[in-house]
Every structure is written in structure tokens, then in C-alpha cells.
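Okay, so here's the structure we're looking at.
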Amino acid sequence: MDFHKVNYKAFIYTCFSTISAILQFKFLSCDLMKATLKYLAGIAGASGYGSKTTAEQVTQVCSVSFSSQLTAIITGATSGIGAETARILAKRGVRLVIPARDLKKAAILKETIKKHSPWADIILLEIDLSSFASIQRFCAQFLSLGLPLHILINNAGKFSQKLEFSEDKFELSFATNYLGHFLLTEMLLDKMVETAEQTGIEGRIVNVSSVVHNWVKRDEFCFSQMLNPKKYNGTRAYAQSKLANILHAKELSRQLKARNANVAINAVHPGIVKTGITRDHKGFITDSLYFMASKLLKSTSQGAASTCYVALNPQTRGVNGKYFADCNECHCSALANDEIEAHKLWKHTRALIHRRFFQERERDL
């Protein structure tokens, strides 16, 4: 589930903040003014791509003969930018493994992709990213296939307006967006390292994050509170999980570099996509403001561009532990760049997961 489709209030806040800044140029720094105008105009950055670039465009340079050697796992691929990412990678000849909670929706996606790319090799497997046991089953099934693994795209996202818990008794957004992807990556990492060693092709992991990670204050980022919050706010919980996605990428990139593994992990902000807001909400905003706000929105293909760029484009070869938006490296928050915080979060998460598995093994004995 895409954040932009469910958190309308957060979107309005973002639009109002940005529009307010645009209307008050005299208060903007020169750099911020340039960045805002660059985004609205779709001006290309250092990569040669910008906010208006599509997933089709960033993958045109990818050799089909090279892409056809690749296998990718994409979570959250049954809708939104995940589905577009899957479509584009399949079009470029990448074998797709689609983990999905709803296999009927996954089957519809597969059928849709194969209408346009009949040669596409697509494998569907069941998973519930909020469940440790389900993730274990998926990984066991995938590994039993004996396939290589070159690309892992941690795209799936959950936004919960009210406090809900996973079957493991953790807050649902954090369990799905962060804990689930952490465990999935942990269980597949050796396969990715092995594949890279055997093929000489760099493995790439992409954590789909969000610009809303900037909203998290340091005193709000407490591991135990994120697992079981006393005072719940859906937007804050989502933002915390997206900050955790970046910190995960930062820490794991450090570890991969230390072991000289030919695998890179990066985080991306896809942008807010046009399907997330319609004129049904014009009671909230005027037509003129809607028009201005719509200029900040991306099409689905534009939203998938950064993910596809980092996953497949040759320009990102060797780039590790970075944060991308609009297909260019960019700055994330100071907290997201905190190496100590990243290592601390990784340690807490790994201890939690290992403790949970140990308890399950004891129960099974």
C-alpha cells in the first residue's frame, strides 16, 4: 500500500508547506529556491534525470542481454509504483519474483505484464511482510528454487490511521515497513553476496523510503516505543518507519563495504504520485490551490523512476549507502545520517529478531 494513497492529511500538509514556500521567495534561501524551481520544471540533475523523468527513460540505457541475466524480488508490487517498477523491469528482461499477500492480485499483475512483455519470467510466492513466520516461509520457498538473486527492492509500505498490531505483536506500520524488510534482507543477503561472487554482477538492494523521514525528531525515535507506542499517531509512525529504512541502508552498506561484498544498498524517495489525490477533496482545497498542488505530484511512472534508476541504471554501479530523490543523490535528515543511531537501530532489530526466533524454536521442542 502506498503512503500517498492513504495519508491525505500528510499530503495536504506537504503541499501547503511547499506552496507557502514557493509564494514567499524572499524568505527562501537561494539553494532552496533553486531546488524548488528545479523540481517544478523537471530540470535534470547531475545524473541527467529529474523529477519528470519516467521509469522507462532511466532504464532505456540498460542492455537487454545484460538485464536478462538478472533476477529481482520486488515487495508491494501488486499496485502503485511497485507495479510500475515490476512492469519496467520485466520489460527490460529481468526475471521477477513477486512476494504478495494477495496472490489473486499478483496473478492479475502477472497477466497484465505478460500482455505487454510475453517473454516475461514471473514467479508468484505468498508473503505477509508483517509476519516473521511468513517471511521465513517465503525465503525458504525462494531459496529452494535455486535461483540467483541480483536485485531486492523493499518497496511495500503500510500506513495505519489507528493503532494496529502484527501477529508478532508489534505496531503494524513499523512491523511491515521496517521490521519485515529488515528480516527479508537479512535472510536473503547471503544469496545476494553469493550471486555477486559467482556472476561478477553487482547486487543491488533498494529501500523505498520517503521525504517524511525529515519530520521525525530525535527524542521521538525510540525503538521500544515504535514497537508498542503509548500515544499513537499514524503519520508519525509511518515517518519513523521510513527513517528506519534509511538508517538500515546506511548501516548495512557499511557492513557490506567492510566485508568487501559486491552488493550495494541505497534508499530512495519516490515522490508523491498523482493517484493519491483527486478533486473529490476540493472541499479541503480550492481549484486554484489544487492546480498548484498537482504540479508537485508525479505520475506513477515518474514515481517509479528513482527505484528503477538505483536498481538497474549503470550510473549507480558502486554507489552504496546513499539517499536518492528524482534520480539524483540528495541530502537526508541529520538523524538519518547518524552512524551511531544507524548501528544502534540495527543492533536492537537484530537482537529482537534473533530472540523471537530462539523463543519459537524453544516452543517447537
Tell me which one of Thr185, Thr349, Asn154, Asn207 satisfies side-chain hydrogen bond (donor to acceptor under 3.5 Å, both in side chains) with His248.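 Testing His248 for a side-chain hydrogen bond (donor to acceptor under 3.5 Å, both in side chains) against Thr185, Thr349, Asn154, Asn207 leaves exactly one candidate, Asn207.
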Tested for side-chain hydrogen bond (donor to acceptor under 3.5 Å, both in side chains) against Asp326, the lone hit among Gln302, Lys298, His269 is Lys298
Flag the pair Arg137 and Glu126 as a salt bridge only when some basic side-chain nitrogen lies within less than 4.0 angstrom of an acidic carboxylate oxygen. no
Test: Lys158 and Asp128 ion pair at under 4.0 Å: no
Relative to each other, are the rings of Trp346 and Phe182 parallel, tilted or perpendicular (30° and 60° limits)?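 Rings of Trp346 and Phe182: tilted, as their planes differ by 30° to 60°.
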Can you tell me if Asn214 and Ser333 form a side-chain donor-acceptor pair at under 3.5 Å? no
Is a donor from one side chain sitting under 3.5 angstrom from an acceptor on the other, for Lys242 and Asn177? no
Testing the basics here: between Gly203 and Ala196, what is the closest heavy-atom pair and its distance to 0.1 Å? N-CB, 4.2 Å
Between Pro99 and Ile127, what is the shortest heavy-atom contact and its length? CB-CG2, 3.4 Å
Between [X] (side chain only) and [Y] (backbone N and O only), is there a donor and an acceptor less than 3.5 Å apart?
X      : Y      : answer
Lys110 : Ile122 : yes
Arg254 : Glu339 : no
Asn266 : Tyr323 : no
Ser117 : Ala120 : no
Ser241 : Tyr178 : no
Arg92  : Glu56  : yes
Asn313 : Cys62  : no

Test of understanding: with side chain to side chain donor-acceptor pair (under 3.5 Å), list the residues that count as partners of Lys322, not counting sequence neighbours.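 Lys322 satisfies side chain to side chain donor-acceptor pair (under 3.5 Å) with no residue once adjacent residues are dropped.
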Could you state the interatomic distance from [atom1] ([X]) to [atom2] ([Y]), rounded to the nearest 0.5 Å?
X      : Y      : atom1 : atom2 : answer
Lys344 : Phe223 : NZ    : CZ    : 11.5 Å
Ser209 : His213 : OG    : NE2   : 6.0 Å
Lys250 : Asn320 : NZ    : CG    : 10.0 Å

So if you build clusters from Ile, Leu, Val, Met, Phe, Trp, Tyr with side-chain heavy-atom gaps below 4.5 Å, do Leu147 and Ile205 land together?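 Linked within one cluster.
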